[in-house]
Amino acid sequence: MAHADPDTPPFRYSAALAQDIEMRWQQYWDANHSFDAPNPAGPLADPAAMTDPATGQSRQKLFVLDMFPYPSGTGLHVGHPLGYIGTDVFSRYKRMAGFNVCYTMGFDAFGLPAEQYAVQTGQHPAITTASNVANMRRQLKRLGLSHDPRRSIDTTDPGYYRWTQWIFLQIFDSWYDAEAPARDGIREAGAKGRARPISELIAELERGTRTTPDGRPWATLNPGQQRSVVDAHRLAYVSEAPVNWCPGLGTVVANEEVTADGRSDRGNFPVFKRNMRQWMMRITSYADRLIDDLDLLDWSDAIKTMQRNWIGRSDGARVRFASAAGDIEVFTTRPDTLFGATFMVLAPEHPLVDSLTTPEHAEAVAAYRAAAAAKKDIDRQDATRTKTGVFTGATATNPVNGAEVPVWIADYVLMGYGTGAIMAVPCGDERDFAFARQFGLPIPAIQQPPQAWFDDHDIAATLDTSSWPGPFIGDAPYVQSSNASGLSLDGLSSVAEGKRLTNDWLEAHEAGHGTTNFKLRDWLFSRQRYWGEPFPIVYDEHGPIAIPDADLPVLLPETDSFSPRTFDPDDEFSNPESPLDRLEWWTEVELDLGNGTRPYRRDTNVMPQWAGSCWYELRYLDPTNEKAFVDPAVEEYWMGPQAVGVNGRRHPGGVDLYVGGVEHAVLHLLYSRFWHKVLYDLGHVSSLEPYYRLYNQGMILAAAFKDEREIYVESTEVEEHGGAFTFHGEPVTREWGKMGKSLKNAVSPDEMYDAYGADTLRLYEMSTGPMDASRPWETRDVVGMYRFLQRLWRNIVDEQTGDLSLGAPADEATIRLLHHTIDGVRSDLDGLRINTAISKLIQLNNHVTKSGRCPSDLAEPITLMIAPLCPHVAEELWAKLGHAASLIREPFPVADPALLIEDTIELPVQVNGKFRSKISVAADADNATVEAAALADAKVCAALGGAVPKKVIVVAGRTVNIVA
RNA sequence: GCCCGAGUGGCGGAAUGGCAGACGCGGAGGACUCAAAAUCCUUUGUACGAGAGUACGUGUGGGUUCGAGUCCCACCUCGGGCACCA
């Protein structure tokens, strides 16, 4: 690596020179506000800058967004900026292509990581957060990212979280009216359902145009009862419900934050279901729209599928089975199989179990319920377990055929899904089949499976299910599926049609109705921690009351005792204690909320980590606005719907390009969409969705090494000897993992800046593969891009004098190569194929290198083309080429179409599909000419060996294939 | 178990159905140097061959096609997501 060396030419592109160049240009960009993007209105408005001087046309807008980081105490490693470099390259390229690009970076600084770091270091999170943010800003700036610094935000800034609280109150002060027509705008004509201000609900109740849920006249309710009715409608509400209690973290967490094996995604502590009074957000009201509108988004199918699965929509029916203890309601996706329902299964926790159970079964039922209660959810959800259950002694009536079916309880039925009770159709459901076999319950067939199904299972075709290896699931003619009161499925073979007929019958006979069920639960929104946004809520004797907008923000109170009260991670029956609860001077408050000064108690929860990231992209647009969270004109300019959406559908609006990791698929990306839709419904934004195009970048992995005790050792001190690895002489084993402290394999960007400079690091990260692929980090490979920049520099600059040193104008072949390169680089950058764009630029430079010096007429286009990728060295070269101003808004080179067309082309010739030779023909030669030239070729003749060609296929401009 | 995604040199990876391995690393050889590092040049899929060259080659097996890394079917392996969701 280049250290001072007497033999090294003084103006070689060394790490030291790169650093010098980079620091100077970063200062220049800062001083000249080079990346300020003008808004159409408000304090950031700059009408002149919105026009492209080259064309006189209004610039097209482009909003490029990274998932903003939380400020970690250890700073960045080289795995972090992969996406940031990608968005920077894209933003810089688009700026040169004439776009008005909004591109900045903020910090998601509330939440557990920041708080845990503060607790560890014993310093107040406000202090550690500020210093961590400062360090990360320095590291990001050193990369040369072209952020508009005016737009940067920090979610812990009271000027920011004031508006987070304001949006919370918007949600608190609204309700979901499923029947209201969609707001005029971008939803389909006739669409129904939208959030409305709670004041409109109150007005309708007062007027009597809407009745209370239990039918009592509004005027007869006392104020407390009226408050309860209204509060029960709010989109943000307090409720007593089963929540995820995590003693190890000392807080409750959302469903989305619990891993599949029942632990917290932060800290990996056990999580227990407990009934607690907590804040919830009614995201379930938006379940349909959150699924349906995925179709309007330019996102990968993988992420869309993850969101669809999480929301978990299934269409079916609710059906009531009469019993001695009252109706038992079940949810089923297959109402068409009701005739095959031969027993029922209730979750052990089902409220009707006690009244259903007969005395002679009471003991067994009680024992089973106790055993089920002792099991963790995770243990109950192992599908491979043998089915267990007990009979209650009771029966219920199947509504379609009047059959009395036994009612069982079993832990494979979950209280938390559907109604907590199922009708069991053993011939058509895996679990019911297994259960019926386990307990010897009858399995009548209700569909005639096709012959192929029997063949597949190697059994004779029969409706006697005793020979069946499992249930039949699919379309097939129904049998034994008719009753005397007008429902007849027999002979029908369409499941969809069977469902429809059954649902109609159920509704007509008041035994049930078609419905849609979701896995999605309401979002648990409160946390018992310190480092978060306080709720702008106080309580009186009737419940929560909003703090008036004018009194926002409710500042997070200063305290030294910010540590959360955490518990033994396994202490299920501990109770959460909010740190804010301890601050009596703060919690007890006297306010005048319209009816005189009275005492109130503040809400002592804080909002979850995700609150600040639910809307930050909107604040980037108008960061200094004191009157509104964003100026509507500014939001519409940057986020408003465009002409054409994905697959020619409506464009929902939103960020033009959002780059980030896949780990937020069902957390941030779901919550943020929900908040945005509420804001849309309430008329605060013109866009239906926050992120129109989502691009998931890959992860940078790094080798990690474990010694014989399975302990990770410092990767930098591991030596390789012919494929084997040792650490201080001891053998170690290699694995690949995410870069970080825990695997002791982090590489800091600062090391790379010192060894090569930021431009080299940028090129290396972009060159190792497509942006969406994860790839291993290899420090030794970085030198390749360093050498490329050295060659490029040397072709233009004299290494001895530092002066410009160009060659004669390029020959025609070189000019053609240049234009091919321009064309290719443009399309690669447009498609975010940055790795192949770099490859094309290296090829062009390697061609130039052969002649020693860069042709005089190539220096500028090459410099402009590398500018998005390695902006510092490009600026330096641009200045040496005699330009006084920065190149960041210099037009990106445009290929001359005439130079992309060759006069003569080389065509590969295949004989029987095997490549044999190449021929050179005029580009516009007709097929007969090409064929003649191919047949005349000596190697082709040799390959044919005198055989007469049967057929000659000429693919114009591509290839010739001779079939002999 | 179900649903996605991916398998190409020693490594990262290129390749609108048309010359597989662009570009980079690494390796080999050479230049410069007393020497080394750095830099530069040549070379580098495998096998056989002195060489021209020939054969083989994109996880496996089939298929479609004049032609398949690319399209279709089955399977194997790896990665990710979901998982007794009625």
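Residue numbering restarts at 1 for every chain, and letters A, B, ... go by the order of the sequence lines.
- Backbone-only engagement by A:V783 is indicated by non-hydrogen atom pairs under 4.0 Å involving sugar-phosphate atoms exclusively.
- Rounded to whole angstrom, the span from the OH atom of A:Y756 across to the C1' atom of B:A38 amounts to 11 Å.
- Annotation: B:G24 and B:G51 have their C1' atoms spaced 32 Å apart (nearest Å).
- Distance noted for atom C1' between B:G79 and B:U43: 36 Å (whole Å).
- B:U54 and B:A47 make up a base pair, with Watson-Crick or G-U wobble contacts both under 3.5 Å.
- Nucleotides B:G17 and B:C48, compared at atom C1', are 32 Å apart to the nearest Å.
- One atom, CD of A:Q790, and another, C1' of B:C41, lie 15 Å apart when rounded to the nearest Å.
- No hydrogens or angles were tested; on distance alone, nothing pairs the side chain of A:D781 with the base of B:C25 as donor and acceptor under 3.5 Å.
- Between A:E902 and A:R816, at least one side-chain N (NZ, or NE/NH1/NH2) sits under 4.0 Å from a carboxylate O, which counts as a salt bridge.
- Residue A:R308 is out of contact with every strand shown, counting any heavy-atom pair closer than 4.0 Å.
- B:G53 sits 29 Å from B:U70 when the P atoms are compared, rounded to a whole Å.
- Atom NZ of A:K738 sits in a sparse spot, with 12 or fewer heavy atoms from other residues, nucleotides or ligands closer than 6.0 Å.
- Distance check on atom P: B:G57 versus B:G62 gives 12 Å, rounded to whole Å.
- When only modelled atom types and interatomic distance are considered, A:T284 and A:D522 share a side-chain donor-acceptor pair under 3.5 Å.
- Across all strands shown, A:N309 has no heavy atoms under 4.0 Å from either base or sugar-phosphate atoms.
- One interatomic measurement links the two molecules: CG of A:L701 to P of B:C78, which rounds to 17 Å at whole-angstrom precision.
- Shown here, B:C32 forms no base pair; nothing in the strands shown gives a Watson-Crick or G-U wobble contact with both key distances under 3.5 Å.
- Rounded to a whole angstrom, the distance from the C1' atom of B:G69 to that of B:G21 is 11 Å.
- Atom P of nucleotide B:G5 and atom CH2 of A:W299 are separated by 18 Å, given to the nearest angstrom.
- The residue A:I842 sits close only to the backbone: its heavy atoms come under 4.0 Å of sugar-phosphate atoms, none of a base.
- At a threshold of 4.0 Å, the pair A:R334-A:D336 counts as salt-bridged, since one of the basic side-chain nitrogens sits closer than that to a carboxylate oxygen.
- Nucleotide B:G18: paired with B:C66 (Watson-Crick or G-U wobble, both distances less than 3.5 Å).
- Of the side-chain N and O atoms in A:K914, one or more sit less than 4.0 angstrom from OP1 or OP2 of B:C56.
- Between the side chain of A:S839 and the base of B:A22, at least one donor-acceptor pair of N or O atoms lies under 3.5 Å.
- When each of B:C84, B:G24, B:A55 is scored by its nearest atom to the side-chain atoms of A:R916, the top-ranked nucleotide is B:A55.
- Nearer the 5' end of RNA chain B, as judged by each residue's closest nucleotide, is the contact made by A:R775, out of A:I962 and A:R775.
- Here A:S314 reaches the OP1 or OP2 of B:A86: one of its side-chain N or O atoms lies under 4.0 Å away.
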For this session: Using the ring-ring contact (aromatic ring centres under 6.0 Å, His included) rule, take A:F11 and A:W793 through it: C-alpha gap first, then chi angles, then the decisive distance, then the call.
Result: CA-CA 9 Å; A:F11 291 93; A:W793 176 264; 8.3 Å; no
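- As the counterpart of B:G10, B:C25 is assigned, both hydrogen-bonding distances of the Watson-Crick or G-U wobble pattern falling under 3.5 Å.
- Applying the 4.0 Å criterion to OP1 and OP2 of B:U39, one finds that A:R787 has a side-chain N or O inside that range.
- Here the P atom of nucleotide B:C85 and the CG atom of A:D315 are 17 Å apart, to the nearest Å.
- Atom C1' of nucleotide B:C2 and atom CD1 of A:I473 are separated by 12 Å, given to the nearest angstrom.
- Between B:A86, B:C19, B:C4, one nucleotide has an atom nearer to the side chain of A:A302 than all others, and that is B:C4.
- Note on ring orientation: taking the six-membered ring where Trp is involved, the planes of A:H668 and A:H664 are perpendicular (angle over 60°, cut-offs 30° and 60°).
- Each of A:G784 and A:T388 lies near RNA chain B, and the nucleotide nearest A:G784 is the one positioned closer to the 5' end.
- Counting any heavy atom pair closer than 4.0 Å across all strands shown, A:V955 reaches a base atom.
- In this structure, CD1 of A:I700 is placed 14 Å from C1' of B:G13, rounded to the nearest angstrom.
- The side chain of A:N961 sits closest to B:C66 out of B:A14, B:C4, B:C66.
- When heavy atoms are screened at a 4.0 angstrom cut-off, A:N846 is found touching the sugar-phosphate backbone but no base atom.
- Nearest to the side chain of A:K918, among B:U39, B:C19, B:G18, sits B:C19.
- Between A:D327 and A:R318, no side-chain nitrogen of the basic residue sits less than 4.0 Å from a carboxylate oxygen of the acidic one, so the salt-bridge criterion is not met.
- The P atoms of B:A36 and B:A28 are separated by 14 Å, rounded to the nearest whole Å.
- Separating the OH atom of A:Y13 from the P atom of B:U39 is a distance of 14 Å, rounded to the nearest angstrom.
- When the C1' atom is compared between B:C76 and B:G18, the two are found 30 Å apart, to the nearest whole Å.
- Across all their heavy atoms, A:M752 and A:T779 have their closest contact at CE-CG2, 3.8 Å.
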